[in-house]
J.: 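Pasting a structure here, questions to come.
The model shown is predicted, which means the values in this text are computed figures rather than measured ones.
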Amino acid sequence: MASFKIILGSSSASRKQILSEMGYQFTVMGADIDEKLIRKEKAEDLVMALAEAKADAIIAKLKENGFEEGNSEPTLLITADQVVLHGGEIREKPRDADEARQFIEGYSKGHASTVGSVMVTNLKTGVRKGDWEKAEIYFHEIPEEVIDNLIKEGDVLYVAGGLMVEHPLTSPFVEAMVSSLSLSSFVQTMVGTIDSVMGLPKALTERLIKEAIQEQ
């Protein structure tokens with residue numbers, strides 16, 4: 001059993017699923033920030049800034065509610081963010097169904113990248129550890145009727161770039177995925193991790209949890 005508590009600072013169903021698969025029990029809090037107010041030119045800088053802003057917002061909310069760390073086990077706050085890169089442009093959540101369709105049609109017989117960040121804040125010590133991971137996704141041709149059904153269902157409207165590779169309608173048309181993890185001074189390449197594309201890379205999250213606990 002973990003000697004710490006976890007707050008997941010995200011209402012994402014995918015992130016909740018992944019953290020559960022990692023064997024952790026946790027509570028969930030939303031950040032309620034206006035992400036459009038935070039702008040960076042580089043996708044990596046943007047997702048790191050957004051994960052940090054989400055952590056700051058949740059910590060402020062906890063303090064307002066009288067949260068205090070006792071002398072027992074620490075509480076770790078996990079926040080994350082993700083954008084999609086396509087054609088040199090950063091894509092966040094689609095504005096509407098038309099933009100979602102435009103996004104998905106662009107992936108057909110092409111490729112896109114996801115850039116996702118994870119931030120772990122130890123609320124007892126104040127230690128904060130964060131990093132980002134990038135994944136390249138290559139697609140076969142995505143039939144028009146599949147795109148129609150994705151838009152009609154609507155889930156793609158609420159994810160970065162309208163991209164849901166784990167969706168049963170989309171997954172048959174994913175040709176390959178390759179991920180790379182920023183480890184500050186070097187880049188480690190690994191073969192396609194679905195959890196990275198879904199918004200919470202397991203290996204990265206596990207490493208940051210350990211670092212946030214170990215550093216005083």
J.: Using the side-chain hydrogen bond (donor to acceptor under 3.5 Å, both in side chains) definition, which of the options Glu136, Arg91, Lys134 pairs with Ser113?
T.: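 The option that passes is Glu136.
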
J.: Can you name the one residue among Leu77, Ile33, Leu123 that meets side-chain contact (heavy atoms from CB on, under 4.5 Å) with Ile58?
T.: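 One option only clears the test, and that one is Leu77.
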
J.: Give the intermediate values and the outcome of salt bridge (Lys or Arg N to Asp or Glu O under 4.0 Å) for residues Arg128 and Glu52.
T.: CA-CA 9 Å; Arg128 178 173 286 180; Glu52 190 161 13; 3.4 Å; yes

J.: With salt bridge (Lys or Arg N to Asp or Glu O under 4.0 Å) as the test, would you mind laying out the steps for Arg101 and Glu144 before giving the verdict?
T.: CA-CA 10 Å; Arg101 178 182 298 278; Glu144 197 67 32; 3.3 Å; yes

J.: If you apply the rule side-chain contact (heavy atoms from CB on, under 4.5 Å), what do you find for Val156 with Thr170, and how did you get there?
T.: CA-CA 11 Å; Val156 293; Thr170 310; 5.8 Å; no

J.: Let's go through Glu206 and Tyr24 carefully: what are the C-alpha distance in whole Å and the side-chain angles of both, what is the deciding distance for side-chain contact (heavy atoms from CB on, under 4.5 Å) to 0.1 Å, and is it a yes or a no?
T.: CA-CA 11 Å; Glu206 201 71 71; Tyr24 292 114; 2.2 Å; yes

J.: Provide the full list of salt bridge (charged side-chain N to carboxylate O under 4.0 Å, His left out) pairs with a residue in residues 6-23, sequence neighbours left out, each pair given once.
T.: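 Applying salt bridge (charged side-chain N to carboxylate O under 4.0 Å, His left out) to every pair that reaches into residues 6-23, excluding sequence neighbours, yields Glu21-Lys202.
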
J.: Looking only at non-hydrogen atoms, find the nearest pair between Ala49 and Lys40 and report the distance.
T.: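 Nearest pair, atom of Ala49 first, then Lys40: CB-CE, 4.0 Å.
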
J.: Heavy atoms, side chains only, cut-off 4.5 Å: are Phe173 and Ser108 in contact?
T.: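 Counting from C-beta outward, Phe173 and Ser108 never come under 4.5 Å.
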
J.: Can you confirm if the aromatic rings of Tyr107 and His86 lie within a centre distance of less than 6.0 Å?
T.: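 Yes.
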
J.: Can Leu76 be reached from Ile59 by stepping across I, L, V, M, F, W or Y side chains whose heavy atoms are under 4.5 Å apart?
T.: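 In one cluster: no.
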
J.: So does Val115 get a backbone contact from the side chain of Glu44, meaning a donor-acceptor N/O pair under 3.5 Å?
T.: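 No; judged by distance alone, with no hydrogens or angles, the pair does not exist.
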
J.: Among Asp131, Ile209, Leu200, Asp81, whose side-chain contact (heavy atoms from CB on, under 4.5 Å) with Val118 holds?
T.: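 Going through the options one by one, the only one that passes is Leu200.
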
J.: Taking atom CZ as the centre, does Arg95 end up with more than 12 heavy-atom neighbours from other residues, nucleotides or ligands that are less than 6.0 angstrom away?
T.: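 No, CZ of Arg95 has 12 or fewer neighbouring heavy atoms, counting only those of other groups under 6.0 Å.
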
J.: If you take all heavy atoms of Ala212 and Val120, which pair is closest and at what distance?
T.: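 In this case the closest contact between Ala212 and Val120 is CB-CG1, 3.7 Å.
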
J.: Tell me the closest heavy-atom pair linking Met48 and Gly130, and the distance in Å.
T.: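 Minimum heavy-atom separation between Met48 and Gly130: CE-C, 3.6 Å.
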
J.: Mind checking the CG-NZ spacing from Asp32 to Lys54? Nearest 0.5 Å is all I need.
T.: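 Result: 11.0 Å between the selected atoms.
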
J.: Within the 4.5 Å heavy-atom criterion, are Ile151 and Ile104 side-chain neighbours or not?
T.: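 Ile151 reaches Ile104 side chain to side chain.
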
J.: If you group Ile, Leu, Val, Met, Phe, Trp and Tyr by side-chain heavy-atom gaps below 4.5 Å, do Phe139 and Val159 land in one group?
T.: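 They do share one cluster, since a chain of ILVMFWY contacts under 4.5 Å joins Phe139 to Val159.
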
J.: Do Ile78 and Met29 sit in one hydrophobic cluster, given that two such residues count as connected whenever their side-chain heavy atoms are within less than 4.5 Å of each other, even indirectly?
T.: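 No, Ile78 does not connect to Met29 through the hydrophobic network.
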
J.: Using the rule given for side-chain contact (heavy atoms from CB on, under 4.5 Å), can you reason through Leu46 versus Arg39, listing the C-alpha separation, both sets of side-chain angles and the distance that settles it, and then say yes or no?
T.: CA-CA 6 Å; Leu46 177 60; Arg39 300 290 86 187; 4.2 Å; yes

J.: Counting heavy atoms not belonging to Glu41, are there more than 12 under 6.0 Å from its CD?
T.: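 Count not over threshold, so no.
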
J.: Taking Arg207's backbone N and O only, do any of them form a donor-acceptor pair with Lys129's side chain (distance below 3.5 Å, no angle check)?
T.: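 No, the answer is negative, given that no donor and acceptor are paired below the 3.5 Å cut-off.
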
J.: Taking all heavy atoms of Val197 and all of Ala135, pick out the closest pair and write down the distance.
T.: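 That would be CG2-CB, 3.8 Å.
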
J.: Among the clusters formed by ILVMFWY side chains lying less than 4.5 Å apart, do Phe67 and Leu8 turn up in the same one?
T.: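 The answer is no; the residues belong to distinct hydrophobic clusters.
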
J.: Counting neighbours of CD on Glu153 that are heavy atoms of other residues, nucleotides or ligands and sit closer than 6.0 Å, is the number greater than 12?
T.: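 For Glu153, atom CD is crowded (more than 12 foreign heavy atoms under 6.0 Å).
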
J.: Suppose we screen for ring pair (Phe, Tyr, Trp, His ring centres under 6.0 Å). Which residues come up paired with His111, at least two apart in sequence or across chains?
T.: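 Counting only residues at least two positions away or on another chain, His111 forms a ring pair (Phe, Tyr, Trp, His ring centres under 6.0 Å) with Tyr138.
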
J.: Who else is in Tyr158's hydrophobic cluster (ILVMFWY, side-chain heavy atoms under 4.5 Å, direct or via others)?
T.: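 Leu157, listed by chain and number.
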
J.: For the backbone of Asp98 and the side chain of Asp96, can you confirm whether one donor and one acceptor N or O come within less than 3.5 Å of each other?
T.: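 Indeed, once roles are kept as given, a pair shorter than 3.5 Å links the two residues.
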
J.: When you measure from the side chain of Lys61 to the backbone N and O of Ala31, does any donor-acceptor pair fall under 3.5 Å?
T.: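 No: the side chain of Lys61 does not pair with the backbone of Ala31.
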
J.: Looking at every heavy atom in both Ala51 and Met119, which two are closest together, and how far apart are they?
T.: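 Result for this residue pair: CB-CB, 3.9 Å.
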
J.: Establish whether Val174 and Ile147 are linked, either directly or via other cluster members, by ILVMFWY side-chain heavy-atom contacts under 4.5 Å.
T.: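 In one cluster with Val174: Ile147, yes.
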
J.: Looking at every non-hydrogen atom in both residues, tell me the closest pair between Pro74 and Asn122 and how far apart they are.
T.: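 Between these two residues, the closest heavy atoms are CB-OD1, 3.6 Å.
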
